[in-house]
Amino acid sequence: MLQEVDVVLPSPWWPPLTYKYERLLPEGLRVSIPLRQTKRVGFSWQGESPGKNRFPSSRLREITAVIDEKPPLPPDIWKLLGWLGNRLPFGIGHAIKISCPAALLRGQAVEVPQAEAHLRRNTAPSFCYLPREISRYEVYFEAIAKMDGGGLILFPDRESLQDFFSFLPDREKSFSCIWPVGGGERLWETWLSVRRGEKHLVLGTSGAVFAPIQDLSLVVVEEEADPGHQMPAFPRLSARTVASKRAAFSGASLLLGGSLPSSRVAMLSKLVCPEAPRGRVSFIRPSPGMNPLPDTLPFLQEIPISGKLIDESRRVLCGGRQVLWILDRKGYAGELRCTDCGRSVACRKCGGRPRWSLEKATGHCPTCGEDTAWPEECPTCRSRLLQIWHPGLEKCYERARSLFGEEAAIILLPEYAALRKKARGALLGQLKTKPALLLGTRSLLSLCRKSDVGLIGWLDADTENWKQDYSAKAEGFRIVWSSCWIGKNPDNRQVILQSRKPKRGWQVALEAGFNYFWDRELAERRKLELPPFCFLLEVTAKGKIQSMLKEAFEREGLEVLSGTQGKDSLQIKVHDLEKIQRLLAPFFAVNSTSLEFPHLSLDFE
């Protein structure tokens with residue numbers, strides 16, 4: 001008698017499909033199945049799934065072939081995929097598609113090792129929030145030396161990963177690998193090597209959280225508060241959250257580290273800030289810049305450069321060390337404001353704040369991607385007195401060249417992270433012969449690992465407060481705090497913050513320590529019911545689907561707010577994820593293929 005077998009496909013569909021086979025199948029085997037006029041590869045499934053429909057046995061089709069004798073994925077990864085698909089609103093099919101190499105999903109053969117994982121008891125996570133990177137690395141090296149199985153170490157970016165790997169002892173390098181970014185043959189070869197147990201220490205960015213490590217015994221997440229850990233396939237979800245859950249499923253030891261904790265760790269633990277950069281941070285309110293008389297509107301208001309920043313930059317450059325001036329925006333202006341009514345020109349599509357380019361005479365909205373023509377008059381009051389505020393990097397570069405002339409090399413690097421290896425090598429070679437003043441965005445901070453940076457000047461430390469995001473203060477504090485400690489010789493580095501309100505708000509915590517910041521930030525978020533005290537779900541969908549979603553949420557008594565991704569997005573504060581799963585399931589059903597699937601993001605912190 002043929003048995004019913006549920007099969008999940010690597011697709012946006014949430015519910016499994018039901019087929020018939022000569023026997024019941026254990027969970028996690030790959031099977032070849034007919035689907036409409038094609039053949040697809042899926043995985044046998046035994047769990048419950050929201051939105052599943054039952055059909056009469058006579059209507060069920062048969063599984064074409066069973067590809068595996070044993071599940072190709074380790075048990076802890078299979079449990080992890082089930083958690084992503086059924087506990088969180090992402091769907092098991094989407095989780096499988098993102099976590100598995102394309103070759104595995106095509107049905108290519110996998111040699112499953114015979115060795116069984118050790119049974120381990122779950123232990124409480126350990127923490128390492130020492131401010132200096134090298135001090136944390138030493139703690140990680142000690143943990144690696146003690147592990148009795150496989151290990152996984154996650155980093156927020158490739159720069160910090162490569163830096164750590166350069167310090168890794170030769171013995172550990174012999175059984176380590178760096179997880180590839182992207183797909184292709186290299187990823188498949190690395191996946192197979194790790195699955196066979198040939199490499200049992202994996203270092204990588206967020207995608208490495210799904211590496212099929214045999215007998216996982218140690219999970220380390222470096223700079224766990226860094227948004228670089230967010231996973232593009234699961235928007236706003238940190239790989240730290242996924243790695244922590246994987247450690248729980250495998251019984252591996254979990255070690256979370258960084259220069260400061262994330263909101264969720266700060267909420268759940270009683271960490272004490274070990275050290276603050278007292279005496280190394282200066283808070284300056286520069287005098288307003290001079291506006292040139294314009295021939296045509298709009299006209300420029302320069303970012304003022306304080307005398308202290310100029311003097312300290314000269315002193316550090318004369319001492320043979322590098323100087324960074326950081327402005328976390330690109331383009332000539334971050335805001336176009338009417339001098340009559342005081343309102344800013346907003347994006348026509350989503351209401352966000354475009355970045356304005358003088359060269360292109362357009363504004364580009366980083367939120368929704370809409371391009372806006374440069375207006376001749378204020379859309380609100382029709383005044384023609386429009387003024388550019390907060391000039392971008394290019395304008396600051398012009399200002400630096402006028403200030404320093406031939407005294408020092410002035411280098412503009414708006415996209416340092418995008419520089420290729422050869423270009424970076426050439427830059428480092430140039431810096432060895434002559435110190436320079438470099439201008440860029442926050443990505444420039446990673447240069448501190450390769451060169452001796454004696455001064456970091458934040459040209460506008462209020463930048464983060466422009467964002468319409470509850471986490472803006474936390475991100476502003478995190479990135480400036482990190483600049484005090486990152487890379488070589490941080491104890492002899494000065495940091496200068498130019499601000500309209502110096503040493504107020506989150507800036508006080510730069511001298512008081514991260515406990516001071518999180519105590520006040522978490523109290524405010526608790527009062528407003530914001531993450532980490534709830535989940536914040538954002539759903540982006542158009543037209544009829546958006547209306548149906550909004551109606552479904554409101555019917556359950558959920559408060560629906562405008563989202564951050566334009567008019568097509570909705571935000572919902574969530575306390576009960578199971579309720580959200582139930583409400584969203586119909587929109588990810590198999591029979592919804594004629595419609596566009598909603599785009600989801602879930603914020604934990």
Side-chain angles (χ1 to χ4, degrees), residues 1-88 90-117 188 191-192 195-196 210-214 216 233 242 245-246 249-250 581 585 588-591 593:
M1 180 179 176
L2 296 177
Q3 304 290 325
E4 291 187 6
V5 176
D6 285 342
V7 177
V8 288
L9 290 174
S11 72
W13 300 332
W14 282 13
L17 305 178
T18 304
Y19 288 82
K20 293 187 291 187
Y21 194 61
E22 62 189 28
R23 57 184 171 85
L24 291 176
L25 295 176
E27 195 170 49
L29 297 181
R30 289 177 297 167
V31 295
S32 175
I33 58 169
L35 182 66
R36 297 190 179 94
Q37 305 302 316
T38 64
K39 288 186 178 181
R40 298 280 296 273
V41 174
F43 287 76
S44 56
W45 174 257
Q46 294 182 354
E48 292 297 322
S49 183
K52 179 181 176 181
N53 296 317
R54 285 292 178 185
F55 295 97
S57 180
S58 59
R59 293 179 56 187
L60 300 180
R61 303 174 75 177
E62 293 189 31
I63 290 175
T64 305
V66 177
I67 299 172
D68 305 303
E69 294 183 3
K70 293 183 177 181
L73 296 175
D76 60 327
I77 289 187
W78 188 252
K79 292 177 183 177
L80 186 66
L81 297 180
W83 173 76
L84 280 168
N86 287 337
R87 173 61 177 161
L88 303 186
F90 295 115
I92 179 67
H94 179 63
I96 289 173
K97 183 177 181 179
I98 296 305
S99 63
C100 297
L104 185 73
L105 301 181
R106 290 195 300 265
Q108 290 194 23
V110 174
E111 181 183 345
V112 178
Q114 298 297 320
E116 297 291 336
W188 179 233
W191 193 94
L192 290 174
R195 186 69 181 102
R196 291 191 295 260
F210 298 113
I213 301 165
Q214 187 175 331
L216 185 64
V242 182
K245 184 59 67 172
R246 185 175 179 188
F249 286 137
S250 64
Q581 279 268 4
F588 292 89
V590 178
N591 56 7
T593 52

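Below, all heavy atoms of this structure are taken into account, side chains as well, without hydrogens, waters or symmetry copies.
In this structure, H94 contributes its side chain and L84 its backbone to no donor-acceptor pair below 3.5 Å. Proximity of a side-chain donor or acceptor of R30 to a complementary backbone N or O of L104 within less than 3.5 Å is detected.
Looking only at side-chain heavy atoms (C-beta outward), Y19 and V31 stay at 4.5 Å or farther from each other. Between D76 and L80, every side-chain heavy-atom pair lies at or beyond the 4.5 Å cut-off. In this structure, T18 and V7 have side chains that are not in contact, with every pair of non-hydrogen atoms separated by 4.5 Å or more. Counting only heavy atoms from C-beta outward, the side chains of E62 and Y21 never approach each other to under 4.5 Å. A 4.5 Å side-chain heavy-atom check between V112 and D68 finds every atom pair outside the cut-off. Side-chain contact check for F210 versus L73: every heavy-atom pair is 4.5 Å or farther apart. In this structure the side chain of K245 reaches within 4.5 angstrom of the side chain of F249, judged on heavy atoms. In this structure, I77 and R246 have side chains that are in contact, with non-hydrogen atoms separated by less than 4.5 Å.
Nearest heavy atoms, L105 versus P10: CD1-CB, 4.0 Å. Between L9 and L35, the shortest heavy-atom contact is CD1-CD2, 3.8 Å. Scanning all heavy atoms of the two residues, the minimum distance from W191 to V110 falls at CZ3-CG1, 3.9 Å. Of all heavy-atom pairs spanning Q581 and R87, the tightest one is NE2-C, 3.7 Å.
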side-chain contact (heavy atoms from CB on, under 4.5 Å) between R40 and S11, intermediate numbers included: CA-CA 11 Å; R40 298 280 296 273; S11 72; 4.2 Å; yes

Derivation and outcome, side-chain contact (heavy atoms from CB on, under 4.5 Å), residues F43 and W78: CA-CA 10 Å; F43 287 76; W78 188 252; 3.6 Å; yes

Trace of the side-chain contact (heavy atoms from CB on, under 4.5 Å) decision for V5 with L25: CA-CA 7 Å; V5 176; L25 295 176; 4.1 Å; yes

side-chain contact (heavy atoms from CB on, under 4.5 Å) between K39 and T64, intermediate numbers included: CA-CA 9 Å; K39 288 186 178 181; T64 305; 3.8 Å; yes

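With sequence neighbours excluded, no residue satisfies side-chain hydrogen bond (donor to acceptor under 3.5 Å, both in side chains) with E22.
S44 OG to I63 CD1: the interatomic distance, rounded to the nearest 0.5 Å, is 7.5 Å. In this structure, CD in Q46 is found 7.5 Å from CG in L24, a value given to the nearest 0.5 Å. Between L29 atom CG and I67 atom CD1 the span is 9.5 Å, to the nearest 0.5 Å. Atom CH2 in W188 sits 10.5 Å away from atom CZ in R195 (nearest 0.5 Å).
No side-chain donor from either of E27 and W45 sits under 3.5 Å from a side-chain acceptor of the other.
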